[in-house]
Amino acid sequence: MPTSLVTGGAGFIGSHVAAELLRAGHQVVVLDDLSGGVRPNVPEGAVFHQGDICDQALVDALFAEWRFDYVYHLAAYAAEGLSHFIKRFNYTNNVIGSINLINAAVNTGTVRCFVFTSSIAVYGHAEPPMTEELTPAPVDPYGIAKYAVEQELKVTHEMFGLPYIVFRPHNVYGERQNIGDRYRNVVGIFMNQILRGEPCTIFGDGEQTRAFSYIDDVAIPIARSVENPGIYGETFNIGGDTAYTVNELATAVFEAMGAPPAVDHLPPRHEVAHAYADHKKAHALLSLNPHSVPLATGLAAMAAWARQHGPQSPSVFSGIEIARNMPPSWQALVVPEEPGAVTD
Ligand code: NAD
């Protein structure tokens, strides 16, 4: 039975990856500091360690104890738009934390594949649909951090032979998503606003486009990827194929939630206007479901879960490092406290 570490396994995508690994017969160890995830997300049958990937001693001890066969690294703070204003926290959590895991994987010597969840944020302003052949040019600290870890895995493989696979998902939604984080997860934000009886807030005119990915179209291929050593060393875009404007998304979410449309347009924020990816490579090399889950089907499943889960009080990120040029709706909430502390 292979033993796999899932970092961020109390979060959204990580908990689904952990569940799929358990179904595939892995022993699963979850490491998560519960900064963005919750304990009930961890699937039954997984061993849970509450801790921070930035805690090098803890990471080293965990690798020494479990001698992992596979590492699925999903722990990160994935608030792309906020990352400009929390650069130090972003690079510490998302780069240094990743380096602790890579070092431990090399030093332990048992890891057969290190699976890293990057993002299409690495492509920045590239013309969509973005393909894996493009040279990444991220335009925000979150994307820069993801690309830095991708590059680290490449040189670590060249220097020490650590096998790896990189996935670049985009706009993933589904059951167990954190719907109470006001800085990320647009589908979750809309559903939470509807549950709270508030209008859905859209930055700018809402004509920016994104392709939305149902969780099963992302978590299952990530979990199963290690079974095919022929794809080690490869990088894959993964997720939904069809691009929608944010206005179209809002309409689809109102339908899924059975709610009357109510939208509040906020001033535009600094963001990539059009971001969606090409998935030909994933379809050619991974055993993917040939038809990704349609938006209406995925939203209906998530809406049923969200109604049962109930409204969440939106969190505020305290420890903002730069408040200048923040969207006014975020600036009004700035609390200079400990980095990463999230309060209701
Ligand atoms: P999530 O917040 O639900 O899950 C991340 C988990 O990591 C959380 O449970 C959080 O508590 C944990 N975590 C964060 N920092 C940690 C630390 N220092 N130590 C230990 N645990 C820590 O987010 P998600 O949407 O499930 O994202 C999972 C991964 O997928 C992330 O790496 C993210 O960058 C990437 N990703 C997500 C999307 C998306 O649309 N959701 C798109 C592209 C890439």
Side-chain angles (χ1 to χ4, degrees), residues 5-19 29-42 46 48-56 58-59 62 71-83 86 89-101 115-123 130 138 140-147 149-150 166-181 183-189 210-215 217-219 222 236-240 275-277 298 302 312 315 317 339-342:
L5 173 67
V6 181
T7 72
F12 169 45
I13 305 177
S15 68
H16 287 269
V17 168
V29 177
V30 164
L31 174 62
D32 198 300
D33 67 356
L34 301 184
S35 55
V38 289
R39 180 68 180 84
N41 279 351
V42 178
F48 178 63
H49 283 273
Q50 183 172 350
D52 186 346
I53 56 169
C54 298
D55 181 343
Q56 186 200 326
L58 169 82
V59 168
L62 210 58
V71 175
Y72 293 82
H73 175 33
L74 294 105
Y77 187 48
E80 184 173 3
L82 189 67
S83 67
I86 54 167
F89 178 75
N90 169 74
Y91 290 119
T92 305
N93 207 48
N94 297 355
V95 179
I96 302 299
S98 302
I99 298 304
N100 286 339
L101 297 160
V115 182
F116 175 56
T117 307
S118 180
S119 165
I120 67 161
V122 299
Y123 295 120
M130 293 132 171
D140 51 59
Y142 171 71
I144 294 170
K146 288 294 188 188
Y147 190 43
V149 177
E150 290 190 12
V166 170
F167 286 98
R168 293 175 179 161
H170 49 90
N171 299 91
V172 191
Y173 68 95
E175 298 90 320
R176 301 205 285 275
Q177 182 159 61
N178 183 339
I179 65 169
D181 189 327
Y183 308 103
R184 61 191 179 121
N185 305 332
V186 60
V187 176
I189 290 172
R210 301 286 185 270
F212 300 93
S213 316
Y214 185 61
I215 182 65
D217 289 327
V218 172
I222 290 177
F236 296 97
N237 296 334
I238 193 147
Y276 47 92
M302 181 172 173
Q312 307 294 303
S315 55
F317 188 97
V342 173

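First listed ligand is number 1; within each ligand, the first listed atom is number 1.
Note: F317 and Y77 have parallel aromatic rings, judged against thresholds of 30 and 60 degrees for the angle between ring planes.
Considering backbone and side-chain atoms together, N93 places an N or O closer than 3.5 Å to an N or O of ligand 1. Residue contacts with ligand 1: P169 is placed with no nitrogen or oxygen under 3.5 Å of a nitrogen or oxygen of the ligand (distance criterion only). In terms of polar-atom proximity, defined here as any N/O pair under 3.5 Å, V172 does make such a contact with ligand 1. Considering backbone and side-chain N/O atoms, Q177 never comes within less than 3.5 Å of an N/O atom of ligand 1. At a 3.5 angstrom cut-off on N or O pairs, S119 does not count as close to ligand 1. For a threshold of 3.5 Å applied to N or O pairs, the pair formed by R184 and ligand 1 contains at least one separation below that value. Residue contacts with ligand 1: A78 is placed with no nitrogen or oxygen under 3.5 Å of a nitrogen or oxygen of the ligand (distance criterion only). Taking distance alone, with nitrogen or oxygen atoms compared against 3.5 Å, N178 stays at or beyond that limit from ligand 1. In terms of polar-atom proximity, defined here as any N/O pair under 3.5 Å, N185 makes no such contact with ligand 1. At under 3.5 Å, a nitrogen or oxygen of G36, whether backbone or side chain, sits near a nitrogen or oxygen of ligand 1.
For Q56, the CD atom is loosely surrounded, since the number of other residues' heavy atoms within 6.0 Å does not exceed 12.
Per-residue contacts place K146 under 4.0 angstrom from the following atoms of ligand 1 (heavy atoms of the residue considered): 31 (C), 32 (O), 33 (C), 34 (O). Interface atoms of ligand 1 facing L34, defined by a heavy-atom separation under 4.0 Å, are 11 (O). Near A10, with a cut-off below 4.0 Å to any heavy atom, the atoms of ligand 1 are 9 (O). Of all the atoms in ligand 1, the ones that sit under 4.0 Å from a non-hydrogen atom of F12 are 1 (P), 3 (O), 4 (O), 25 (O), 26 (O). Heavy-atom proximity to A75, at under 4.0 Å, picks out these atoms of ligand 1: 7 (O), 13 (N), 21 (N), 22 (C). Atoms of ligand 1 lying under 4.0 Å from at least one heavy atom of G11, given by number and element, are 3 (O), 4 (O), 8 (C), 9 (O).
The protein heavy-atom contact nearest to atom 29 (C) of ligand 1 is L74 O, 3.1 Å. Of all protein heavy atoms, the one lying nearest to atom 5 (C) of ligand 1 is A76 O, 3.7 Å. Here the protein heavy atom with the shortest distance to atom 35 (C) of ligand 1 is T117 CG2, 3.6 Å. When hydrogens are left out, the protein atom nearest atom 9 (O) of ligand 1 is D32 OD2, 2.6 Å; that is the closest non-hydrogen contact. The protein heavy-atom contact nearest to atom 27 (O) of ligand 1 is I13 CD1, 4.1 Å. Here the heavy atom of the protein found nearest to atom 17 (C) of ligand 1 is D33 OD2, 3.3 Å. Looking only at protein heavy atoms, the nearest one to atom 19 (N) of ligand 1 is I53 N, 3.0 Å.
A pairwise comparison of heavy atoms in M302 and G174 identifies SD-N, 3.2 Å as the closest pair. The two atoms that bring N90 and P141 nearest to each other are ND2-O, 3.0 Å, heavy atoms only. Of all heavy-atom pairs between L31 and G51, the closest is CD1-O, 3.6 Å. The minimum heavy-atom distance between I222 and V17, with the atom names listed, is CG2-CG2, 4.0 Å.
Counting heavy atoms from C-beta on, the side chains of Y72 and F167 never come closer than 4.5 Å. Side chains of S213 and I238 form no contact here, defined as non-hydrogen atoms less than 4.5 Å apart. By the 4.5 Å heavy-atom criterion applied to side chains, L101 and T7 are counted as neighbours. Taking the side chain as every heavy atom from C-beta outward, I215 and I13 approach each other to under 4.5 Å. Residues I144 and Y91 meet the side-chain proximity criterion, which asks for heavy atoms closer than 4.5 Å. V71 places a side-chain heavy atom less than 4.5 Å from the side chain of L5. Contact check for N178 versus R184: side-chain heavy atoms found under the 4.5 Å cut-off. No side-chain heavy atom of H16 sits less than 4.5 Å from a side-chain heavy atom of V218.
Not a single heavy atom of A121 lies less than 4.0 angstrom from ligand 1. Residue contact check for ligand 1: R176 places no non-hydrogen atom closer than 4.0 Å to it. Residue contact check for ligand 1: G51 places a non-hydrogen atom closer than 4.0 Å to it. Residue S35 places a heavy atom under 4.0 Å from ligand 1.
The main-chain N or O of M130 is found under 3.5 Å from a side-chain atom of N237 such that the two form a donor-acceptor pair.
In N171, the part holding a heavy atom less than 4.0 Å from any atom of ligand 1 is the backbone. Looking at S118 against ligand 1, only its backbone comes within 4.0 Å, counting heavy atoms.
N94 contributes atom CG, which lies 8.5 Å from atom OG of S83 (distance to the nearest 0.5 angstrom).
The option from Y77, F212, Y142, Y72 that lies nearest to atom 33 (C) of ligand 1, judged by heavy atoms, is Y142.
Residues passing the ring-ring contact (aromatic ring centres under 6.0 Å, His included) test with Y123, sequence neighbours excluded: none.
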